[in-house]
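Structure, as structure tokens:
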Amino acid sequence: MYDGIKKIEDVIDYIESNLMGEPDYNEMAKIMTLSVYEFRRIFSFVIGCPVSEYIRKRKLSLAAAEIISSDKADISEISERYGYSNQSAFARAFKEHHGVAPSVCLNETPTINLFTRPNFSVSISGREDVPFRLIKTDAFCINGFSGISPITDSCCCEDVWNAFYESGADKALNTDKIYVSYLNQGENVSCSIGEKSDKGQEIPSSMWACFTLNTVDDDIVNEMYCKIIYEWLPSANLKRNKNIPTVEVYPFDMSEEDFEWEIRIPIE
């Protein structure tokens, strides 16, 4: 896990150095040698909030600190410097986070909500017996439904899953298993949901480390991804193949409580 913590620290340093602009999500994923999908999940688990929320709250915290430190602060200039297209948008976001308008901070001494950057420590926990399996698959395709999950999503690809069912795409499938792949799409994630097929989103031939879950609780899944990448794979001397997307496999019928599904990580 130490390697993962060090990479998260490097990402935080990168964000803090780029708060005056727009931090590049692809660059952050590269720092952690992860796909954007895995990066979003692991960042949320370690930091406790999505990366877009962390960046927004840090910007508003530093902007507030600037305003209260000077009674001559230029709110318009500060809002522009922290990436807001206009002063009214900045004022709305500022009041939502701090409970007061930025102009109040010029003339009064209100309490503001400082969202601090995290500090990290390494702790030793008990060892685990982790069941997993290794499988080899030939190249295949996922055919069904695709959508884009923007970086601002608090739950990665939730809207794509909702659209998959709302569109009726699930009813066109003839399968007992649903396959899902997550591909980088710029700063966003392209999510393909469907059945194993000879057409659609291609998944190259690969060896896979497969881990079973019986919950879709986002916090637990995020933690699982963190442990897989930074604890369990290194413990097995396995290395993730970053050139192949993560795949998840679900039963077609997810109506049963505690149904089982798999995270499949491509291995070099």
Side-chain angles (χ1 to χ4, degrees), residues 1 3-4 7 26 29-30 32-42 45 127-147 149 156-157 160-161 164 169-170 172-185 188-218 220-254 256 258-268:
M1 181 64 82
D3 183 54
K7 287 178 178 177
N26 271 318
K30 287 178 183 176
M32 293 189 67
T33 61
L34 299 172
S35 69
V36 173
Y37 176 72
E38 292 160 347
F39 164 67
R40 287 165 65 170
R41 282 203 173 277
I42 290 174
F45 166 66
R127 300 302 88 208
E128 298 177 270
D129 291 323
V130 180
F132 77 103
R133 62 195 182 106
L134 286 177
I135 64 170
K136 177 75 163 57
T137 64
D138 295 330
F140 65 94
C141 296
I142 297 174
N143 186 43
F145 183 89
S146 295
S149 172
C156 192
C157 296
V160 181
W161 272 100
F164 166 70
D170 60 313
L173 302 182
N174 183 26
T175 181
D176 62 347
K177 291 183 178 179
I178 294 178
Y179 286 76
V180 190
S181 69
Y182 302 97
L183 290 168
N184 289 357
Q185 185 75 37
N188 304 314
V189 175
S190 175
C191 176
S192 295
I193 307 172
E195 59 190 342
K196 211 171 180 180
S197 176
D198 58 0
K199 62 181 180 179
Q201 176 61 58
E202 184 175 359
I203 306 298
S205 172
S206 180
M207 182 74 73
W208 305 84
C210 306
F211 300 85
T212 301
L213 293 84
N214 59 3
T215 178
V216 291
D217 180 278
D218 222 44
I220 297 174
V221 175
N222 292 348
E223 180 180 10
M224 186 80 160
Y225 266 98
C226 189
K227 286 186 173 183
I228 289 171
I229 299 295
Y230 293 121
E231 290 186 34
W232 299 343
L233 292 186
S235 292
N237 292 325
L238 298 173
K239 186 177 180 182
R240 190 207 185 287
N241 186 339
K242 61 179 180 295
N243 297 315
I244 298 177
T246 298
V247 169
E248 296 172 354
V249 183
Y250 298 84
F252 181 82
D253 181 4
M254 300 186 215
E256 291 187 13
D258 299 330
F259 66 85
E260 289 191 345
W261 61 283
E262 277 190 337
I263 295 173
R264 294 186 179 180
I265 303 293
I267 301 302
E268 289 185 347

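Computed over heavy atoms, backbone and side chain alike; hydrogens, waters and symmetry mates excluded. Here the structure is a predicted model, which is why all the values come from computation and not from measurement.
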Minimum heavy-atom distance Ile42-Met32, with the two atoms named: CG2-CE, 4.0 Å
Heavy-atom side-chain contact between Tyr225 and Arg40 under 4.5 Å: no
Where Val180 and Cys191 come nearest, the two heavy atoms and their spacing: CG1-SG, 3.7 Å
Approximate separation, where rounding is to 0.5 Å, of Glu268 CD and Ile244 CD1: 9.0 Å
Residue list, side chain to side chain contact (heavy atoms under 4.5 Å, CB included) with Lys177, at least two apart or on another chain: Thr175, Tyr179, Val249
Heavy-atom check, side chain of Cys141 versus side chain of Asp198, under 4.5 Å: no
Given Thr212, Leu238, Ile265, Ile263, the one that forms side chain to side chain contact (heavy atoms under 4.5 Å, CB included) with Phe132: Leu238
Short side-chain donor-acceptor distance under 3.5 Å, Thr246 and Arg240: yes
Inter-residue atom distance Glu248.CD - Glu262.CD, 0.5 Å rounding: 10.5 Å
Side-chain heavy atoms of Phe164 within contact of Val160, under 4.5 Å: no
Residue pair Tyr182, Glu38: steps toward the side chain to side chain donor-acceptor pair (under 3.5 Å) verdict: CA-CA 9 Å; Tyr182 302 97; Glu38 292 160 347; over 6 Å; no
Close side-chain approach of Asp253 and Phe259, heavy atoms under 4.5 Å: no
Check: Trp261 and Val216 side chains under 4.5 Å, non-hydrogen atoms: yes
Separation of Met224 CE from Arg41 CZ (nearest 0.5 Å): 11.5 Å
Distance in Å, Thr33 OG1 paired with Phe39 CZ, rounded so as to fall on 0.5 Å steps: 11.5 Å
Spacing of CD1 belonging to Ile142 relative to OG belonging to Ser197, to within rounding of 0.5 Å: 10.0 Å
Heavy atoms from other residues, nucleotides or ligands near CG of Asp258 exceed 12 (cutoff 6.0 Å): yes
For Pro234 against Ile229, the heavy-atom pair lying closest together: CD-O, 3.4 Å
Flag, side chain of Asn184 to backbone of Ser35, donor-acceptor distance under 3.5 Å: no
Anything under 3.5 Å between a donor and an acceptor, one on a side chain of residues 199-207, the other on a protein residue two or more places apart or in another chain? List them.
unit_1 : atom_1 : unit_2 : atom_2 : d
Ser205 : OG     : Lys136 : NZ     : 3.0
Ser205 : OG     : Thr137 : O      : 3.1

Close side-chain approach of Ile193 and Ile178, heavy atoms under 4.5 Å: yes
Shortest non-hydrogen contact between Phe211 and Pro131, atoms and distance: CD2-O, 4.2 Å
Heavy-atom closest contact (Val247 atom, Ser181 atom, distance): CG2-CB, 4.5 Å
Intermediate values then yes/no, side chain to side chain contact (heavy atoms under 4.5 Å, CB included), Tyr230 and Lys7: CA-CA 10 Å; Tyr230 293 121; Lys7 287 178 178 177; 4.1 Å; yes
Residue pair Tyr37 / Gln185, side-chain heavy-atom distance below 4.5 Å: no
For the student: nearest non-hydrogen atoms of Ile267 and Leu233, plus distance: CD1-CD2, 4.1 Å
